[in-house]
Amino acid sequence: MTLQQDIVGNAMQMAVVSLQPGQTVYCEAGKFLFKTANVTMETRLGGPSNPGGQQPQGGAGGMGGMLRQAMGTAMQVGQRALAGESPAFQYFTSTGGEGTVGFAGVLPGEMRALELDGTRAWFAEKDAFVAAESTVDFGIAFQGGRTGMKGGEGFVLEKFTGRGTVIIAGAGNFIDLDPADFGGRIEVDTGCVVAFEEGIRYGVQRVGGLNRQGLMNAVFGGEGLSLATLEGNGRVILQSLTIESLANALKKAQGGDKQGPTGGLFSTNAG
C-alpha cells in the first residue's frame with residue numbers, strides 16, 4: 001500500500017501523511033507534529049524488526065522467539081545510541097477510517113519522499129530521517145576504518161531497506177545529482193551530503209596534499225582537512241546549508257563567533 005503524503009511549506013517544510021485504515025507509519029522521536037484523533041500513537045525502542053514492520057505477537061516462537069526479539073531490539077538500540085541517535089521510534093496507526101499525521105525536520109529546509117522498491121537501499125546523513133512506512137527497515141551504517149582514517153574522521157549513516165516510502169529532511173535547498181553526469185565522481189563538503197542510493201561509493205579524501213596549497217585550503221578555505229567523495233551511477237541529494245555553517249552564523253549573530261578570522265582548522269565548537 002503506497003503511502004499517501006504531501007510535502008508542504010517553503011522555508012520549513014512539513015509532510016502531511018494520509019493513513020488508510022490499519023496502515024502504520026513510524027518516525028524518529030521529536031519529528032511528530034500533529035495527528036487526527038483516530039490515529040493511535042505508540043512509542044517503541046528500535047525500528048521494525050521483520051518484513052512488514054509487525055512486531056511478533058505475545059508468545060510467538062516461544063521463549064526463544066522472545067529472546068531473539070529482545071536481543072535484536074537491544075542491538076538496534078545499542079547501534080543508535082553509539083551513533084548518537086534517539087533510541088525510540090513513534091508508531092502511528094489509523095483506526096476507524098482514514099487518518100492524518102504531520103511530521104517535520106528540525107532545521108529550516110526541504111523534505112523529500114524516497115520510494116524504495118526493494119532492489120536498492122538508500123543511505124542518508126545522521127538525523128535526516130523523519131518518517132517511513134512500517135515496511136521500510138531503518139538501520140545504521142558505519143563508514144569508518146580506512147575510509148574514515150583517510151579524512152581524519154569516520155561517518156555514521158542511516159540506511160533504509162525494504163519497500164515503501166521514507167521521508168527525509170535537510171537544511172536549505174536540495175539539489176539532485178548523478179556523479180555519472182560529471183565524469184563519474186563529485187567532491188562535496190562533508191556537511192552537504194543528505195542522501196544517496198546504494199551503488200554510489202562514498203568516501204573521504206584529504207583536501208590537497210601536505211604542501212603549502214593543501215595547508216592553505218585546510219586553514220583558510222573553511223573546509224577543514226577533508227571532502228566527501230561520491231562515485232558511480234545513481235541518485236545523490238545534496239543540501240545548500242550545513243549544520244556547522246548555521247551554528248557559526250548563529251554564534252556570530254549572538255556576538256560569540258568561535259570560527260576565528262580564518263575558519264577552517266581554527267574553528268572550534270566551544271560554547
Side-chain angles (χ1 to χ4, degrees), residues 26-31 44-51 53 71-89 105-106 111-171 174 176-179 185-205 226-239 242-244:
Y26 68 102
C27 77
E28 192 168 47
K31 305 294 178 67
R44 305 176 193 164
L45 294 178
S49 56
N50 54 20
M71 290 180 64
T73 299
M75 289 182 63
Q76 285 188 8
V77 171
Q79 274 193 332
R80 290 180 60 78
L82 187 60
E85 300 268 8
S86 168
F89 290 99
V106 296
M111 301 181 73
R112 187 68 56 83
L114 307 175
E115 298 297 334
L116 278 63
D117 61 7
T119 62
R120 271 190 172 188
W122 270 87
F123 296 88
E125 69 165 344
K126 179 183 170 184
D127 295 328
F129 173 70
V130 176
E133 286 184 84
S134 58
T135 50
V136 173
D137 291 324
F138 181 105
I140 298 293
F142 293 94
Q143 287 280 357
R146 185 172 299 177
T147 299
M149 291 292 289
K150 286 177 63 178
E153 56 185 297
F155 289 89
V156 177
L157 299 173
E158 299 174 335
K159 182 179 181 179
F160 309 106
T161 56
R163 294 176 178 269
T165 305
V166 57
I167 301 172
I168 61 172
F174 285 173
D176 290 64
L177 299 175
D178 186 338
R185 175 188 174 101
I186 55 176
E187 300 174 355
V188 185
D189 183 298
T190 54
C192 287
V193 179
V194 179
F196 55 91
E197 285 183 297
E198 185 177 26
I200 294 291
R201 296 184 298 279
Y202 178 53
V204 183
Q205 74 168 25
S226 59
L227 287 175
T229 61
L230 298 157
E231 300 177 87
N233 185 357
R235 188 174 165 196
V236 172
I237 301 175
L238 305 179
Q239 62 188 6
T242 69
I243 296 177
E244 182 181 11

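What's counted below: heavy atoms across the whole structure, side chains too, no hydrogens, waters or symmetry copies.
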In Å and rounded to the nearest 0.5 Å, what is the CZ to CD1 distance from Phe123 to Ile200? 11.0 Å
Find out whether Val194 and Phe196 are in side-chain contact, i.e. whether some heavy atom of one side chain is under 4.5 Å from a heavy atom of the other. no
Val106: side-chain contact (heavy atoms from CB on, under 4.5 Å) partners, not counting sequence neighbours: Lys31
Tell me if a side-chain donor or acceptor on Glu133 pairs with a main-chain N or O of Thr165 at a distance below 3.5 Å. yes
Ala228 and Thr190 have their tightest heavy-atom pair at N-CG2, 3.6 Å
Okay, side chain of Arg163, backbone of Gly118: is any donor-acceptor separation there less than 3.5 Å? no
Find the distance between CZ (Phe129) and CD (Glu28) and round it off to the nearest 0.5 Å. 7.0 Å
Would you mind reporting whether Leu116 and Val166 have side-chain heavy atoms less than 4.5 Å apart? yes
Examine distances only and state if a side-chain atom of Glu197 and a backbone atom of Trp122 form a donor-acceptor pair shorter than 3.5 Å. no
For Gly191 and Asp189, work out which heavy atoms get closest and say how close. N-OD1, 2.7 Å
To the nearest 0.5 Å, how far apart are CG in Leu238 and CG in Leu230? 7.0 Å
Assert yes or no for the condition that the ring centre distance of Phe138 to Tyr26 is strictly below 6.0 Å. no
Should Asp176 and Arg112 count as an ion pair when the cut-off is N to O under 4.0 Å? yes
Lys/Arg-Asp/Glu bridge criterion (N-O < 4.0 Å) met for Arg235, Asp178: no
Which value, rounded to the nearest 0.5 Å, describes the distance between Phe174 atom CZ and Gln239 atom CD? 6.5 Å
Which pair of non-hydrogen atoms, one from Val130 and one from Ala169, has the smallest distance, and what is that distance? CG2-CB, 3.6 Å
Distance col, row Leu114:CG vs Ile237:CD1, nearest 0.5 angstrom, shows 5.0 Å
Heavy-atom side-chain contact between Ile167 and Met111 under 4.5 Å: yes
Would you call Asn233 and Pro179 a side-chain contact if the rule is heavy atoms closer than 4.5 Å? no
So, the side chain of Glu125 versus the backbone of Leu157: is there a donor-acceptor pair under 3.5 Å, distance only? no
Could you work out, with side-chain contact (heavy atoms from CB on, under 4.5 Å) as the rule, every residue matching Glu187, not counting sequence neighbours? Arg185, Gln205, Leu227, Thr229
